[in-house]
Amino acid sequence: MSAAGGSDGMRAIIGVGTPFAMTRRIVLILLATVALNTAIAAMLVANSPERHVWWPSFVQSQAIGLTIAALCWAAVPRVERSEGDLKVAVPLFGAAIVVGALVGIQLAELATRAIFGETVPVMAGHGVMSVRTVVLSLTVGTLGTLIFYGRERLRHARTRAESEGWRAVAAERTAAQASLQALRAQVEPHFLFNTLANVSALIDRDPAAARALIDDLARHLRATLRHARADSTTLGEELDVTASLLGIMKRRLGDRLQWRFDVPDALRAAEVPPMLVQPLVENAVKHGIEPQAAGGSIEVRARREADGTLVVEVADTGGGLAEASGRAAAPAAAQEVSGTGLANLAERLRAIYGPGARLALRENAPRGTVARLTLPDRPAPAA
């Protein structure tokens with residue numbers, strides 16, 4: 001890559017601004033990369049019987065993670081010139097991840113020998129090119145790149161919207177789409193590390209289950225990428241993406257998580273904004289099912305009212321609103337949502353549909369919570 005290309009790539013990553021702002025952004029990106037690498041090293045050591053390998057694992061994790069990050073940064077200028085076209089971004093970032101993982105593993109081996117004066121199995125695996133090392137490097141590199149790419153696209157979209165001075169309603173619509181991109185790019189740390197820990201634990205004792213879990217994760221990422229730039233989708237496609245996520249969670253929770261969809265076939269073709277059901281299901285698992293020793297079930301149901309309003313409900317049998325919030329709640333009372341994730345979803349609905357759209361929570365009977373989406377027949381007209 002030429003010096004000019006490298007400069008363009010760095011500007012694309014850190015943004016244009018004062019030297020202090022640019023330096024601050026570089027430091028934050030490096031710190032985030034190092035922190036993720038450190039978390040992976042800690043997870044691997046925690047799952048390894050050889051607890052004395054912390055420092056070798058730390059050095060090796062940094063070598064692999066920073067190599068992947070460096071090659072992904074090198075691909076940024078070409079992606080920027082394509083204006084973020086996924087047909088360009090996916091192959092470039094994919095090649096950077098694969099090559100970065102393989103090169104990083106070799107650098108990790110060399111660094112271990114140079115620093116510790118002996119050969120230590122890379123990443124607490126079984127040799128420099130162990131299946132565990134390759135799988136974890138590719139998985140973490142892919143997820144980290146998706147998060148970075150999505151957040152950078154969100155930041156550039158917001159900057160362009162502000163500089164063009166869109167009118168009030170147009171700016172509100174753009175903010176709604178930016179909220180969607182942030183929601184799609186976000187990978188909850190507990191979900192990411194729990195999934196990676198499962199892969200690590202299964203590779204040695206149950207390779208078939210590990211492959212199945214990786215297939216589920218890949219299927220979920222493909223489904224998410226396919227709709228990454230869509231302004232709308234169908235309820236059926238939204239349920240398919242949600243089902244792939246639930247499949248990953250069920251491999252971790254086992255019989256503690258049960259789920260079903262009660263949606264008529266006619267409604268699966270209904271046009272809806274992306275990322276409506278999945279955040280509600282994630283919230284139900286995290287706050288309703290996981291805290292319960294016995295687990296619980298989730299049901300997604302939908303119906304069309306006589307006036308054309310589409311009602312989608314996500315019901316769980318977890319602890320309910322009272323347990324989640326630490327205060328009493330009337331069983332039949334609907335409540336306005338609180339919490340950043342659900343509040344952002346409610347604001348996005350109002351920006352798209354106007355005041356007729358609503359997201360509300362109520363207690364389920366006999367136990368749990370119901371999140372209800374009320375969507376008008378069509379979006380509000382633009383000004």
Side-chain angles (χ1 to χ4, degrees), residues 183-184 186-188 190-199 202 209-210 212-224 226-227 233-270 272-304 310-321 323-324 337 339 341-342 345 359-375:
L183 188 61
R184 193 181 298 281
Q186 181 181 7
V187 176
E188 286 291 327
H190 80 281
F191 166 71
L192 169 61
F193 291 123
N194 283 337
T195 302
L196 294 177
N198 281 352
V199 172
L202 289 171
L213 181 55
I214 293 173
D215 288 343
D216 286 342
L217 183 59
R219 197 158 38 243
H220 177 66
L221 293 177
R222 278 197 300 268
T224 302
R226 188 167 57 250
H227 302 294
T233 184
T234 65
L235 182 58
E237 291 172 337
E238 180 75 7
L239 294 178
D240 291 340
V241 174
T242 303
S244 66
L245 178 67
L246 283 168
I248 296 172
M249 292 179 170
K250 185 169 178 60
R251 290 189 182 277
R252 176 166 54 87
L253 298 176
D255 291 336
R256 293 179 57 215
L257 174 61
Q258 304 295 328
W259 54 276
R260 65 184 294 265
F261 293 160
D262 182 14
V263 179
D265 290 340
L267 289 185
R268 293 182 68 90
V272 297
M275 295 295 287
L276 288 187
V277 179
Q278 181 177 327
L280 299 181
V281 169
E282 288 186 64
N283 193 68
V285 173
K286 181 178 179 181
H287 298 292
I289 306 302
E290 280 190 318
Q292 307 301 314
S297 63
I298 292 177
E299 181 180 17
V300 180
R301 49 186 182 250
R303 66 178 185 274
R304 181 79 74 179
L310 178 64
V311 177
V312 180
E313 293 182 330
V314 177
D316 68 72
T317 59
L321 294 174
E323 183 172 314
V337 297
L342 296 185
L345 177 57
L359 169 60
L361 305 178
R362 64 175 176 83
E363 291 285 343
N364 196 14
R367 180 180 177 85
T369 305
V370 177
R372 173 181 292 176
L373 287 167
T374 303
L375 308 178

Checklist entry - So Arg362 and Thr369, side chain to side chain contact (heavy atoms under 4.5 Å, CB included) or not? Walk me through it. => result CA-CA 6 Å; Arg362 64 175 176 83; Thr369 305; over 6 Å; no
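- Nearest heavy atom pair, residue Gly247 against residue Asp216, reads O-OD2, 4.1 Å.
- When side chains are defined from C-beta on, Leu359 does not count as touching Arg372, because their heavy atoms never get closer than 4.5 Å.
- For the pair Ile289 and Thr317, the tightest heavy-atom approach, listed with the atom from each and the gap, is CD1-N, 4.3 Å.
- Residue Glu282 holds its CD atom at 10.0 Å from CD1 of Ile298, rounded to the nearest 0.5 Å.
- A heavy-atom distance below 4.5 Å is found between the side chains of Asp262 and Arg260.
- To the nearest 0.5 Å, atom CZ of residue Arg304 and atom CG of residue Leu267 are 6.0 Å apart.
- The minimum heavy-atom distance linking Phe261 with Leu239 is given by the pair CE1-O, 3.5 Å.
- Expressed to the nearest 0.5 Å, how far CE of Met249 lies from OG of Ser244 amounts to 10.0 Å.
- If you take NZ on Lys250 and CH2 on Trp259, they are separated by 9.0 Å, rounding to the nearest 0.5 Å.
- Between Arg303 and Leu310, the shortest heavy-atom contact is O-CD1, 3.5 Å.
- Looking at Glu238, its side chain does come within 3.5 Å of a backbone N or O of Val277 through a donor-acceptor pair.
- Considering every non-hydrogen atom in both Arg251 and Ala212, the closest pair reads NH2-CB, 3.4 Å.
- Using a 4.5 Å heavy-atom cutoff, the side chains of Gln258 and Glu299 are not in contact.
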Checklist entry - What do the steps show when you test Val311 against Glu313 for side chain to side chain contact (heavy atoms under 4.5 Å, CB included), and what is the final call? => result CA-CA 7 Å; Val311 177; Glu313 293 182 330; 4.2 Å; yes
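- The side-chain heavy atoms of Thr233 and Leu276, taken from C-beta on, include no pair separated by under 4.5 Å.
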Item to check | side chain to side chain contact (heavy atoms under 4.5 Å, CB included) evaluation trace for Val300 with Leu280 | outcome: CA-CA 10 Å; Val300 180; Leu280 299 181; over 6 Å; no
Next on the checklist: If you apply the rule side chain to side chain contact (heavy atoms under 4.5 Å, CB included), what do you find for Asp316 with Val285, and how did you get there?
Outcome noted: CA-CA 8 Å; Asp316 68 72; Val285 173; over 6 Å; no
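- Closest non-hydrogen pair, Glu290 versus Arg256, comes out as O-NH2, 2.7 Å.
- For Asp240 and Arg268, the salt-bridge test passes: some basic side-chain N is under 4.0 Å from an acidic carboxylate O.
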